[in-house]
Each structure stands twice: as structure tokens, then as C-alpha cells.
Amino acid sequence: MTTERLLLELRAVSKSFGHTEVLQRIDLAVRDGEFITILGPSGSGKTTILRMIGGFESPSSGEILLDGADISALPINKRPFNTVFQDYALFPHMTVAANVGYGLKVRGVKNAEIDARVGEALQLVALREFAGRFPAQLSGGQRQRVALARAIICRPRLILLDEPLAALDVELRHQMQSFLKDIQREIKTTFLFVTHDQEEAIAMADRICVMNNGHIQQLGSAHEVYYRPASEFVARFFGDNNLVEGRLGPVAGGHRRIETALGSLLCAIDGQPHLAAAPEGAAAYAVFRPEALSLNASGAGDENQVRGHVTGLQFAGAHTLANVRAGSDALIHLRLRLPSKVEGVALAADDAVTLHWRANACRLVLK
Ligand SMILES: Nc1ncnc2c1ncn2[C@@H]1O[C@H](COP(=O)(O)OP(=O)(O)OP(=O)(O)O)[C@@H](O)[C@H]1O
């Protein structure tokens, strides 16, 4: 359960290696009990953020606060955090129970208490009967659960997870995603989870922090980041979005027009005051998802409408994506998503179509 209380704050944190600045004035406020995923392409600085919070690296400038107090000078073992690494970092010569209890042992906790807490932690990750095994005798998913039990047992305030599921195959990865989420809800500990996988970030997070090039591009709920991208980068990063370039027109309440080669489109701007404030004529994109488009009469009455021709169909299992050359401009292709049917979708290449979409499903990002 997330509270409004702040647990951790990064204030204007920058990090350079030599002359290269890899993080630039990062501000991030983490609430107590929330699950945040840090999402971004390779090299965007995700791991560096986690390593600075964990104490493995120091910021070049800026502050990291825990409960409002600066922890920059606090060594790793004094921070009430635990890290789960991608390779799990289990001790191969120790049993599962010894691996899980290790953190308590080095803290001088008595054996009887260690045994009891190891039992509880293994129970939580459903590995009680594996206590006497060695890591080499476990599957990848089981090793992952041992690593999690080892992180949980010291009752940290915050668990840092660096691509912990990257080595697992897709099915196991999905199982572990729900497993991790369930455990996080049960123990009510704050999780900061690094991934480069959009679907994983959406499936797990209370809030997603999207990074690119050492900057936070957007921090918001999965729904916000998906349907209300704050920048062109975020709009392009999440899947097959349609982006149509144009110039901003007038504002009308919670909506704004954009003049494009497809005509004038109406977009929602509620909750994004910078879009109401941007000058008329500014370069921008209308952004709308393939699943927001409906075909022909089924969407009549929607504020936005464009005619086009189907150029190709792509079967993708549960849905089929259609490419549509829109308007008279050969350069504008839109993607339309239809539910697949056993008899195939009722569309073929060269079909003339009219696409409709609602203003509420059409957002703007500045160019
Ligand atoms: N110790 C280091 N010395 C020099 N450069 C580094 C060091 N650690 C990271 N970098 C650089 O900092 C940038 C950010 O790296 P980081 O590992 O934080 O990215 P990431 O988003 O986690 O990437 P990935 O998804 O590939 O793990 C990269 O350009 C990387 O090469």
C-alpha cells in the first residue's frame, strides 16, 4: 500500500564518469510503500541511479535523502536497503537457508532467530522444502526467489532490483512478475525495479519513471505514461503509437487543435498545462494509439476522422495490425489495431477505409 509519505528523494542528482555526464539533475521522490519501475533504453542511466541509492556509487552533485535526511555519506551496509541483482549473486557453496540467513548472521543475530526468520522468508517465496539445497540444484526462477528472500529477510525499507527477471524465459518471467508484485503487496516494502521492457514496467509498477540519455522523461502511473506521454521520446518508446506532425492551433477548454497534413485534429490537453500555454504555430505531434482507431461507421461521431487505403496487414495473434496510408500524403502511415478472428479480419490490401478516433484518445507532444 502506498502512502503519501516520502521515503526517498533524489534532488538535482548528477553523475559523471570522467568527462561524461551520465545523469543530469535527476529529481525523484519515492513514496513509502510504492512500486516504481525505472524504464529506459540501454545506457540511459537506470543502473547508475540504483547504484547511487544503494551506495555503490556517489553522486557527483545533488542530494539523496532518506526520511528527509541526507544519506550521501552513509556506507552501503548502513543503508536500510537491499539489492537484488540480475545474476542473483548467491553463494554457490552455501545452502539456500544459509544464503537467505547470511545477512542476519553478519549482523550477529542469534541462531534461533535466524532459523525462524529464514523459515518465514522461505515460506513467503514458497521455497521452504528447498532449504537444504545448493544454488546449482535450483532452477533460474527458484534462484531468483532465494535472492528475493535474502533481500527481504533484513526487513529493509527499500528493495532495489536491477533487471532481476532478465535471465528468465518469457513464461517464467510473467509468473515472477505477478509473484514479485504479490510479495511487495504483502510485505508493504518500497520496490525500485529497473527494466528495459515496457510491458514489464506497465505490468508491475504503481508509477513508471521513463529515462532517456540521463534524464527523466516522465514519471507517472502506467496509464498516464501510456495514454498521456509527456514527450516525443515517451510516445515513441511505448509500442506502435501513431504520431502525426503539425502546428498547434487554438485552445478550447481541455482541448487543442493541431493543423496537420491529414487536416485539423482535435486533441485532449487536460492535465498538461504546458500544452495550453505553448504558442499557436508551435511544432508538435498528435499522438494516438492503434487501438484508439475505429473503422468506418463504427466510430461515426468521433471528433477526428481521416480517409485512407490499407497497405498491409500483420497478424499478431490476439490482434491484427493494419497499416493505412492516410489522406493524400503518401508519407503518413497510420497503424490500426483490430481483434483477430478465426476467419480473418474483414480488410484487405488496397481497401479504402475511413478511420475515426475520439479527441480524448488523441494527445499532443511538442516537437
Ligand atoms: N563505472 C563506469 N565508468 C564509466 N562509464 C560508466 C560506468 N558505469 C556506467 N557508465 C556509463 O553510464 C551510462 C549509463 O549506464 P547505466 O548502466 O546506468 O545504464 P542503464 O540504463 O542501466 O543501461 P543497461 O540497460 O544497458 O544496463 C552508460 O553510457 C555507461 O556506459
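If you're wondering where the values come from, they're calculated on a predicted model, not measured in any experiment. Heavy atoms only: backbone and side chains are in, while hydrogens, waters and symmetry mates are out. When a residue number appears, it is its place in the shown sequence, counting from 1.
- Annotation: the span from I216 atom CD1 to L10 atom CG amounts to 7.5 Å, rounded to 0.5 Å.
- Side-chain contact between R133 and L138: present, with at least one pair of heavy atoms (C-beta onward) separated by less than 4.5 Å.
- In this structure, the side chain of E280 does not engage the main chain of R247 through any donor-acceptor pair within 3.5 Å.
- In this structure a side-chain-to-backbone donor-acceptor pair under 3.5 Å is present from T311 to N323.
- Across all non-hydrogen atoms, the minimal contact from E63 to V13 is O-CG2, 3.3 Å.
- Residues E232 and Q217 are not in side-chain contact: their nearest non-hydrogen atoms beyond the backbone lie 4.5 Å or more apart.
- Side-chain contact of R228 with Q218: a donor-acceptor pair under 3.5 Å is absent, judged by distance alone.
- A donor atom on one side chain and an acceptor atom on the other are not found under 3.5 Å apart for S14 and S60.
- Interatomic distance, CD of E120 versus CZ of R128, reported as 8.5 Å (0.5 Å rounding).
- Using modelled atom types and a 3.5 Å distance limit, the side chains of D70 and S72 yield a donor-acceptor pair.
- In this structure D67 satisfies the salt bridge (Lys or Arg N to Asp or Glu O under 4.0 Å) test together with R5, R157, sequence neighbours excluded.
- Residues meeting the salt bridge (Lys or Arg N to Asp or Glu O under 4.0 Å) test with E245, sequence neighbours left out: K367.
- Distance OG/S178 to CD1/I183: 11.0 Å, rounded to 0.5 Å.
- Side-chain N or O atoms of T20 include none that pairs as donor or acceptor with a backbone N or O of V22 at under 3.5 Å.
- Between the side chain of S340 and the backbone N or O of G317 there is at least one donor-acceptor pair closer than 3.5 Å.
- Checked by atom type and distance alone, the side chain of R107 pairs as donor or acceptor with a backbone atom of G103 at under 3.5 Å.
- Counting only heavy atoms from C-beta outward, the side chains of L172 and Q144 never approach each other to under 4.5 Å.
- In this structure, R256 and C267 have side chains that are not in contact, with every pair of non-hydrogen atoms separated by 4.5 Å or more.
- When every heavy atom of S264 is checked against every heavy atom of N304, the shortest pair comes out as O-OD1, 4.4 Å.
- Every residue two or more places apart in sequence or in another chain was checked for a ring pair (Phe, Tyr, Trp, His ring centres under 6.0 Å) with F81, and none qualifies.
- With hydrogens and angles ignored, the 3.5 Å screen pairs no side-chain donor or acceptor of T37 with any backbone N or O of A205.
- Using a distance-only test at 3.5 Å, with no hydrogens or angles considered, a donor-acceptor pair links the side chain of D27 to the main chain of A12.
- Checked by atom type and distance alone, the side chain of R363 pairs as donor or acceptor with a backbone atom of A268 at under 3.5 Å.
- In terms of modelled atom types and a separation under 3.5 Å, the side chain of Q184 and the main chain of T189 share a donor-acceptor contact.
- Across every non-hydrogen atom of F315 and T320, the tightest pair is CD1-OG1, 3.8 Å.
- Taking 4.5 Å as the limit, every side-chain heavy atom of F130 sits out of range of all side-chain heavy atoms of V146.
- Look at K181 and D206 and you find a salt bridge, because one of the NZ, NE, NH1 or NH2 atoms lies within 4.0 Å of a carboxylate O, short of that distance.
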